[in-house]
Protein chains: 2
Amino acid sequence: MPKVGMEPIRRQQLINATLESVAEVGLHATTINSISKRAGLSSGIISHYFGGKQGLIEATVRFLLNNLKTSLISKTQQPCSAEERLMFIVEANFSVIQQQTSSTKTWLSFWAQSMHDEQLHRLQTVNAKRLYSNLAFSFKTLMPENDAKRAAKLAAGMIDGLWLRAVLSKATEQEFKQAEQLAKHYVSSLISSCGA
Amino acid sequence: MPKVGMEPIRRQQLINATLESVAEVGLHATTINSISKRAGLSSGIISHYFGGKQGLIEATVRFLLNNLKTSLISKTQQPCSAEERLMFIVEANFSVIQQQTSSTKTWLSFWAQSMHDEQLHRLQTVNAKRLYSNLAFSFKTLMPENDAKRAAKLAAGMIDGLWLRAVLSKATEQEFKQAEQLAKHYVSSLISSCGA
DNA sequence: TTATTTTAATTGAACGGTCAATTAATAAAA
DNA sequence: TTTTATTAATTGACCGTTCAATTAAAATAA
């Protein structure tokens with residue numbers, strides 16, 4: 001079985017298995033065994049590639065954050081108006097779910113854990129600030145700076161809040177779509193209320 | 001030490017100790033030992049009064065939910081306008097923090113756990129729906145029903161979102177106050193945008 | 001090519017520690 | 001004495017980590 005160049009493959013397998021396990025049984029009940037069994041690998045391999053359970057958890061969060069980041073970057077690659085950009089931001093933050101229900105529960109678990117884990121909290125802070133500054137950047141092209149900062153705070157709160165309530169209520173895909181629409185419409189209203 | 005009628009006292013002691021433990025070390029690291037030690041009692045007493053750790057966790061969540069509920073009821077006891085009532089709802093949902101920082105982290109932990117615990121999810125659902133219907137009830141006196149429902153969804157999202165972002169960023173009391181102000185102002189704008 | 005050595009990849013049993021729960025004993029109050 | 005409240009000790013299951021042993025691909029030598 002030992003083939004050369006297995007590392008990136010195994011790392012991804014284990015990260016995927018972690019997402020599955022956390023989604024199915026929760027971060028609390030996720031063990032080295034529940035992960036390695038899902039990946040079809042032995043338990044020892046986790047320490048070998050990630051230094052331990054904690055390292056794998058953190059790598060999994062980084063994977064989720066990176067997905068969100070690149071999802072937004074790819075959408076805003078081509079030139080677009082500030083309003084379009086704002087809509088892309090909303091879409092990116094909601095799309096985390098549609099593609100994979102497993103990510104959703106995982107995200108929530110990690111948020112909670114970040115209150116007691118410095119590493120995770122650092123990652124969470126970067127993510128929260130990115131949403132805010134992405135929004136603020138686009139709003140600034142449409143209104144005075146102070147208004148833009150305020151709009152970004154409100155929009156970020158609305159996006160996270162509607163997302164959270166949808167997740168916690170175990171909403172259907174249709175209800176998620178509705179939440180996304182509400183968020184988009186709210187961002188639009190923020191533009192028109194302060195726009196030239 | 002054995003005195004008669006200890007039950008309600010012990011139960012509250014253990015619930016308080018659970019809140020402290022979850023706030024300090026997280027739900028993950030909260031054990032019957034970390035709880036009982038904080039309460040100055042033995043670990044066996046938890047099974048005696050709550051049937052086990054899980055029973056104590058659920059009782060603690062019910063305690064938090066009940067606090068939020070009665071906090072709102074007491075504020076809206078005296079007659080007040082719909083607008084005042086809406087502000088009270090916002091205040092009640094933010095006041096969870098100010099009085100006790102410990103409750104904040106706890107709440108977040110329980111939300112995450114509720115995705116994998118049916119009992120907790122039931123409690124969470126009741127709470128989420130109460131916020132929505134309280135808001136909808138007041139909005140309905142100020143605007144047509146469909147507008148009111150929509151406003152309630154948006155306001156609930158904004159309240160939870162701003163609260164969540166403040167908690168996750170470990171905001172100072174001052175920043176919490178600012179988040180509360182933003183939420184209140186948003187509710188006001190919802191009123192004036194659809195009001196007569 | 002074939003035989004041999006080296007190396008990367010992986011396993012899974014063993015270990016020390018901790019968990020929730022239970023039990024039997026104890027102490028005060030009724 | 002009986003009942004209630006509580007503890008301290010114990011149990012068995014399970015946790016994450018470690019590590020000696022194993023496997024098979026890759027590299028080298030013949």
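First the proteins, then the strands, lettered A, B, ... as listed; each starts at 1.
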Quickly work out the [X] [atom1] to [N] [atom2] distance and round it to whole Å.
{"X": "B:Leu14", "N": "C:dA21", "atom1": "CG", "atom2": "P", "result": "14 Å"}
{"X": "B:Ile45", "N": "D:dA9", "atom1": "CD1", "atom2": "C1'", "result": "16 Å"}
{"X": "B:Gln13", "N": "D:dT6", "atom1": "CD", "atom2": "P", "result": "8 Å"}
{"X": "A:His28", "N": "D:dG16", "atom1": "NE2", "atom2": "P", "result": "11 Å"}
{"X": "A:Leu41", "N": "D:dT23", "atom1": "CG", "atom2": "P", "result": "18 Å"}
{"X": "A:Asn33", "N": "D:dT17", "atom1": "CG", "atom2": "P", "result": "12 Å"}
{"X": "A:Leu27", "N": "D:dG16", "atom1": "CG", "atom2": "P", "result": "11 Å"}
{"X": "B:Ile32", "N": "D:dG12", "atom1": "CD1", "atom2": "P", "result": "17 Å"}

Indicate every side-chain donor-acceptor pair of residues 183-190 of chain B with a distance under 3.5 Å to a residue at least two apart or in another chain.
unit_1	atom_1	unit_2	atom_2	d
B:Lys184	NZ	B:Glu91	OE2	2.6
B:His185	ND1	A:Arg150	NH2	2.8
B:Ser188	OG	B:Lys184	O	3.3
B:Ser189	OG	B:Tyr186	O	2.7

query = Between A:Glu145 and A:Lys149, is the closest basic N to carboxylate O distance under 4.0 Å?
reply =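 Looking at A:Glu145 together with A:Lys149, the answer is yes, because their closest N to O distance falls below 4.0 Å.
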task = State plainly whether the residues A:Glu24 and A:Arg38 are in salt-bridge range, i.e. N to O under 4.0 Å.
result =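 A salt bridge links A:Glu24 with A:Arg38.
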message = By nearest atom, which of the nucleotides D:dG16, C:dC19, D:dT17 is closest to the A:Ser43 side chain?
response =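 It is D:dT17.
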key: Given C:dT11, D:dT7, D:dG16, the nucleotide with the shortest approach to the side chain of A:Thr31   =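 Of all the options, the side chain of A:Thr31 is nearest to D:dG16.
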Where B:Ser36 and B:Ser42 come nearest, the two heavy atoms and their spacing =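 Nearest heavy atoms, B:Ser36 then B:Ser42: CB-O, 3.4 Å.
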Between A:Glu180 and A:Asn93: side-chain donor-acceptor atoms closer than 3.5 Å =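 Distance-only check fails for A:Glu180 and A:Asn93.
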inquiry  = Distance alone, cut at 3.5 Å: any donor-acceptor contact between the side chains of A:Ser74 and A:Gln77?
reply    =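 No.
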Side chains of B:Leu56 and B:Thr60 in contact at under 4.5 Å (non-hydrogen atoms) =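 The answer is yes, as the side chains (C-beta and beyond) meet within the 4.5 Å cut-off.
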message = Counting C-beta onward and ignoring hydrogens, is there a side-chain heavy-atom pair between B:Lys153 and A:Gln178 closer than 4.5 Å?
response =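 The answer is yes; the side chains approach within 4.5 Å.
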query = Quick one: is C:dA9 close enough that its OP1 or OP2 comes under 4.0 Å of any side-chain N or O from A:Arg10?
reply =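 For C:dA9, OP1/OP2 do not have a side-chain N/O of A:Arg10 under 4.0 Å.
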Interface residues of residues 46-54 of chain B with DNA chain D (non-hydrogen, below 4.0 angstrom) =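 Contacts with DNA chain D under 4.0 Å: B:His48, B:Tyr49.
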message = Regarding A:Ser36, tell me which of base, sugar-phosphate or nothing describes its non-hydrogen contacts under 4.0 Å with the strands shown.
response =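 Here A:Ser36 touches no strand at all.
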ask   = When the C1' atoms of the five terminal pairs at each end define the local axes, what inter-axis angle does the helix from C:dT1-D:dA30 to C:dA30-D:dT1 show, to 10 degrees?
value =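 Here the local axes at opposite ends form an angle of 10°.
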request  = For B:Ser34 and B:Thr30, indicate whether the former's side chain and the latter's backbone hold a donor-acceptor pair under 3.5 Å.
outcome  =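 Checked: no pair found.
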